[in-house]
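Remarks on the structure that follows.
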Amino acid sequence: MLNIYTSEKRDKLTFKPRNGKEVMMYVCGPTVYDSCHIGHARPAVVFDTIRRYLEYAGYAVTFMSNITDIDDKIIRRAGELGISCAALASRYQDEYEADMAALGVRSPTIRPKATEHIQDMIDLIKDLESKGIAYCTSRGVWFDVSKFADYGRLSGKVTDDDSTEHRVETDPEKRNQQDFALWKFSKPGEPEWESPWGAGRPGWHIECSAMSGKYCGMELDIHGGGADLCFPHHENELAQSEAATGKIFANYWMHNGFITVAKDDGEEIKMGKSKGNAFWLREAFKVSSPMALRFWILGTHYRMPLLYKPSLLKSAESSIKRIYTCVEALGEKIAAIAEGEEKAPAYLIKWGETAPAERMGADFVAAGFGAEVIKLGTEFISAMNDDFNTPKALAAIFDFVNAANSALAAMGGQDAYAASQMLISVLGVLGLPPERPAAAGVGGDDYIRLLVDIRTEARVKKDFALSDEIRDKLAAIGVQLNDKGGETTWTVS
RNA sequence: GGCGGCGUGGCCAAGUGGUAAGGCAAGGGUUUGCAAAACCCUCAUUCAUCGGUUCAAAUCCGGUCGCCGCCUCCA
């Protein structure tokens with residue numbers, strides 16, 4: 001039984017999609033006006049993992065994630081660079097998609113762009129206007145929050161106007177100061193679309209409602225995003241959507257915690273918009289592999305705050321290597337199985353053939369190392385069913401790695417196969433590949449082979465000075481040699 | 001001012017009533033020509049702090065201290 005924390009109730013609820021095994025999931029995507037910083041990685045990785053787990057649990061997931069390609073920030077930045085908004089957005093959307101791919105984030109089922117859904121937004125605003133909920137002023141079209149009794153239901157923000165002292169601007173034309181823009185009239189030179197009220201562009205919040213309306217009738221099961229989006233963005237989405245349809249917009253509101261940055265090794269890393277520090281994702285990729293960064297994100301529960309510092313990425317890199325090494329060791333055991341011999345033991349087949357949702361608590365008795373294999377699967381599911389507790393899931397994986405390493409010497413091929421299959425499968429749910437990333441730029445395998453052969457000759461002749469020199473110098477460029485028996489293998493980092 | 005979150009070993013981080021998971025780092029040992037990897041052992045009588053409830057609290061309640069987020073664009 002899967003339990004999900006929803007921000008609206010501030011509690012965990014048993015997950016029950018509206019429509020059997022179909023899950024409609026919408027996650028707010030980026031505004032593409034600049035390169036990704038590490039903060040962009042967290043929601044992408046978190047919700048990608050949630051999507052993967054839901055699929056593992058047997059749900060058919062429609063995963064929608066938008067690209068905001070028109071808004072004030074884009075207009076400003078495009079002006080600074082002297083290029084069109086479309087060109088700017090296109091450039092940074094490409095960058096975003098490449099960076100997310102490096103993190104193992106799968107493409108959404110649907111990736112709608114705001115500028116391709118202007119008419120859907122206009123239709124929605126017209127609907128709201130016809131219901132008397134939207135009104136027009138000299139600056140644009142607004143949503144009248146006083147017409148939506150439930151305003152504030154999601155975020156718990158009070159709706160009285162007493163605390164206006166902290167508001168930046170008050171607009172005397174607005175009926176309530178919390179009213180938000182559905183449509184903004186354009187100023188000269190700004191991108192604009194025709195509308196019944198005048199040329200302009202959509203407000204920020206309307207796109208998510210309109211696009212989820214187009215693709216699933218504004219009836220979401222899960223709506224996700226960063227914690228900062230809870231208010232006002234999601235509160236406003238909820239208001240305009242439910243005001244239009246009269247139906248619950250989303251049953252589970254999920255918000256990932258923020259990444260904060262801190263001093264590390266005496267060096268201060270500032271969080272901010274200034275360029276060129278380790279805050280940028282591509283800078284972080286220089287500290288560790290993207291997969292170690294993904295591992296680092298999953299090492300903390302998604303709702304908790306996450307501290308960023310380079311040493312934690314290095315730590316994650318060490319951790320993930322331990323997993324790779326185990327998978328490789330199991331692989332060698334499997335390779336030793338005789339040709340034509342049956343690989344998968346009965347209990348693994350039984351596990352694999354059972355409906356994922358029913359695996360928990362089911363009877364998967366297996367003797368010997370099989371008990372560990374089943375335990376990994378069971379504990380993994382148990383952890384993930386508890387509001388996607390990935391740190392707990394990783395702990396189960398490390399317990400298993402330890403057990404596997406201990407049992408390795410005496411392990412038979414079938415158990416090794418089962419162990420490997422289970423391990424690879426749960427890693428896959430977390431979006432972590434089971435093998436080391438192929439290293440590039442260290443030189444071809446042929447050159448390393450050549451040096452290793454020379455070293456092997458030296459070792460045969462007991463010329464350890466030369467053999468150690470070769471090993472140390474290769475290590476210095478990231479090639480780690482491992483002598484096992486008479487054979488030398490290597491890994492590249 | 002309003003709403004919310006966090007504070008667990010050197011560094012991270014699970015754990016929301018039953019007597020402290022896991023990772024990284026560190027030290028000792030086994031193995032190895034030496035390494036690497038792996039394995040074994042050690043590493044929080046204690047969970048910011050004070051008080052309360054309870055047979056029992058890191059976990060519940062109240063106070064205090066510290067840090068952070070949202071209320072304005074922000075993942």
Side-chain angles (χ1 to χ4, degrees), chain A residues 7 10 12 27-31 33-34 36-47 71-73 76 96 152 155-158 160 162-169 178 204 224-233 235 255-260 262 264-265 271-273 281 295-296 298-301 303-307 309 311-326 328-329 379 383 386 389-402 404-409 459 462-465 467-468 471-472 475 480-485 488-491:
Chain A
S7 302
R10 289 177 189 162
K12 291 175 195 171
V27 176
C28 288
T31 301
Y33 70 105
D34 207 343
C36 295
H37 56 240
I38 52 173
H40 287 98
R42 172 114 101 148
V45 166
V46 160
F47 289 106
D71 92 323
D72 294 355
K73 295 186 295 296
R76 194 186 65 231
Y96 175 80
S155 64
K157 304 287 183 197
V158 289
D160 63 62
D162 290 349
S163 54
T164 51
E165 54 179 307
H166 293 280
R167 293 226 170 73
V168 171
E169 42 112 28
Q178 292 201 336
W204 175 36
D228 57 316
L229 297 179
C230 187
F231 187 87
H233 187 53
E235 189 72 60
H255 295 103
N256 62 273
F258 255 40
I259 289 176
T260 58
D264 190 57
D265 303 320
M271 180 160 187
K273 302 284 180 186
L281 234 201
F295 180 96
W296 162 70
L298 296 176
T300 297
H301 184 83
R303 280 190 283 114
M304 293 293 115
L306 215 202
L307 183 71
K309 47 184 181 178
S311 64
L312 295 176
L313 251 33
K314 295 226 165 74
S315 167
E317 191 87 76
S318 300
S319 303
I320 204 168
K321 277 182 184 168
R322 183 169 162 77
I323 297 172
Y324 293 148
T325 303
C326 181
E328 285 162 5
E379 291 192 346
D386 183 16
N389 194 329
T390 53
K392 213 171 178 179
L394 288 171
I397 287 173
F398 280 107
D399 282 342
F400 177 81
V401 165
N402 188 259
N405 283 333
S406 294
L408 201 62
R459 290 181 71 216
K462 308 266 189 211
D463 183 355
F464 296 121
S467 67
D468 289 354
R471 184 181 62 199
D472 294 346
Q480 176 64 51
L481 299 188
N482 315 297
D483 300 323
K484 195 189 291 180
T488 298
T489 59
W490 67 88
T491 56

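All values reported here derive from a predicted model rather than from experimental measurement. Quick note on labels: first sequence line is chain A, next is B, and so on, each numbered from 1.
- With P as the reference atom, B/G1 and B/U64 are 13 Å apart, rounded to whole Å.
- Base contact: A/Gly39 has a heavy atom under 4.0 Å from a base atom.
- Taking the P atoms as reference points, B/G62 lies 42 Å from B/A25, given to the whole Å.
- Taken from NE2 in A/His301 to CG in A/Leu306, the straight-line distance is 11.5 Å, to the nearest 0.5 Å.
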request  = Run the numbers on A/Arg459 and A/Thr488 for side-chain contact (heavy atoms from CB on, under 4.5 Å), then give the verdict.
outcome  = CA-CA 11 Å; A/Arg459 290 181 71 216; A/Thr488 298; 3.9 Å; yes

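- Rounded to whole Å, atom P of B/A38 lies 11 Å from atom NZ of A/Lys321.
- Where A/Ala465 and A/Leu306 each meet RNA chain B at their nearest nucleotide, the meeting point lying more 5' is that of A/Leu306.
- The CD1-C1' distance, from A/Ile397 to B/G23, rounds to 12 Å in whole Å.
- At a threshold of 4.0 Å, the pair A/Lys73-A/Asp34 does not count as salt-bridged, since none of the basic side-chain nitrogens sits closer than that to a carboxylate oxygen.
- A/Lys73 has its NZ atom 11 Å from the C1' atom of B/U72, to the nearest Å.
- Distance from the side chain of A/Thr300 is smallest to B/A13 among B/A13, B/C73, B/A36.
- For the pair A/His301 NE2 and B/A13 P, the interatomic distance rounds to 13 Å; values are reported in whole Å.
- The separation of B/U54 from B/C39, taken at their P atoms, amounts to 47 Å, rounded to a whole angstrom.
- A/Ser319 contributes a side-chain N or O that, together with a main-chain N or O of A/Ser315, makes up a donor-acceptor pair within less than 3.5 Å.
- The C1' atoms of B/C61 and B/C67 are separated by 23 Å, rounded to the nearest whole Å.
- For A/Lys309 and B/A13, the NZ to C1' distance is 12 Å, given to the nearest whole Å.
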query = So A/Asp71 and A/Tyr33, side-chain contact (heavy atoms from CB on, under 4.5 Å) or not? Walk me through it.
reply = CA-CA 9 Å; A/Asp71 92 323; A/Tyr33 70 105; 5.6 Å; no

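- Going from atom CG of A/Asp228 over to atom CG of A/Asn256 covers 8.0 Å, rounded to the nearest 0.5 Å.
- Within 4.0 Å of A/Phe398, counting heavy atoms only, lie sugar-phosphate atoms of the nucleic acid but no base atom.
- Regarding contacts with the backbone of B/G2, every side-chain N or O of A/Lys157 stays at 4.0 angstrom or more from both OP1 and OP2.
- The aromatic rings of A/His233 and A/Trp204 lie parallel to each other, with less than 30° between the two planes, well short of the 60° mark.
- With hydrogens and angles ignored, no donor-acceptor pair closer than 3.5 Å exists between the side chain of A/Arg303 and the base of B/G5.
- Here A/Asn402 reaches the OP1 or OP2 of B/C39: one of its side-chain N or O atoms lies under 4.0 Å away.
- Among B/G15, B/A75, B/G22, the nucleotide with an atom closest to any side-chain atom of A/Asp386 is B/G15.
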query = Do A/Phe295 and A/Ile323 pass the side-chain contact (heavy atoms from CB on, under 4.5 Å) test, and can you show the C-alpha distance, the side-chain angles, and the key distance before you say yes or no?
reply = CA-CA 11 Å; A/Phe295 180 96; A/Ile323 297 172; 4.1 Å; yes

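- Stem analysis of RNA chain B (Watson-Crick or G-U pairs, both distances under 3.5 Å, runs of at least three) returns B:1-7 with B:65-71, B:10-12 with B:22-24, B:26-30 with B:38-42, B:48-52 with B:60-64.
- Side chain of A/Arg459, nearest nucleotide from B/C34, B/G23, B/A75: B/C34.
- In this structure, OG1 in A/Thr300 is found 10.5 Å from CG in A/Asn389, a value given to the nearest 0.5 Å.
- Of the candidates B/G15, B/A35, B/A75, the closest approach to any side-chain atom of A/Arg471 belongs to B/A35.
- Summarising the geometry, the separation between CD on A/Glu317 and C1' on B/C12 is reported as 16 Å, rounded to the nearest angstrom.
- A close approach under 4.0 Å does not occur between any side-chain nitrogen or oxygen of A/Asn405 and OP1 or OP2 of B/C40.
- For A/Phe258 and B/G69, the ring-to-base geometry does not satisfy the stacking test (centroid distance below 5.5 Å, interplanar angle below 30°).
- A/Thr491 comes within contact range of no nucleotide atom at all, as no heavy-atom separation falls under 4.0 Å.
- Note on A/Arg42: nothing from the nucleic acid sits closer than 4.0 angstrom, heavy atoms only.
- Phosphate proximity of B/C24 to A/Trp296: absent, as no side-chain N or O sits under 4.0 Å from OP1 or OP2.
- Contact annotation: A/Ser406 side-chain N/O to B/C40 OP1/OP2 distance is under 4.0 Å.
- Counting only distance, with no hydrogens or angles, the side chain of A/Glu379 and the backbone of A/Ala396 share no donor-acceptor pair below 3.5 Å.
- In this model, the phosphate group of B/C39 is approached by a side-chain N or O of A/Arg322 to a distance below 4.0 Å at OP1 or OP2.
- In the set B/C12, B/C71, B/A75, B/C12 carries the atom at the smallest distance from any side-chain atom of A/Leu312.
- Of the P atoms belonging to B/G9 and B/G22, the separation is 16 Å, rounded to the nearest Å.
- Annotation: B/A48 and B/G10 have their P atoms spaced 14 Å apart (nearest Å).
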message = Set out, in order, the CA-CA distance, both residues' side-chain angles and the distance that settles side-chain contact (heavy atoms from CB on, under 4.5 Å) for A/Arg322 and A/Asn402, then state yes or no.
response = CA-CA 10 Å; A/Arg322 183 169 162 77; A/Asn402 188 259; 3.5 Å; yes

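- Using a 4.0 Å heavy-atom cutoff across all strands shown, A/Leu229 reaches sugar-phosphate atoms only and no base atom.
- A/Phe231 places its CZ atom 8 Å from the P atom of B/C71, with the value rounded to the nearest Å.
- Going from atom CD of A/Gln178 over to atom C1' of B/C71 covers 9 Å, rounded to whole Å.
- Nucleotides B/A20 and B/U45, compared at atom P, are 12 Å apart to the nearest Å.
- The P atoms of B/C24 and B/U31 are separated by 23 Å, rounded to the nearest whole Å.
- Position along RNA chain B of the nearest nucleotide to A/Asn482 versus A/Lys392 favours A/Lys392 as the more 5'-ward residue.
- Heavy atoms of A/Asp399 sit under 4.0 angstrom from primed sugar atoms or phosphate atoms, though from no base atom.
- No hydrogens or angles were tested; on distance alone, nothing pairs the side chain of A/Lys314 with the base of B/C24 as donor and acceptor under 3.5 Å.
- A close approach under 4.0 Å does occur between a side-chain nitrogen or oxygen of A/Arg10 and OP1 or OP2 of B/G4.
- Nucleic acid contact for A/Asp483: base, since at least one base atom lies under 4.0 Å from a heavy atom of the residue.
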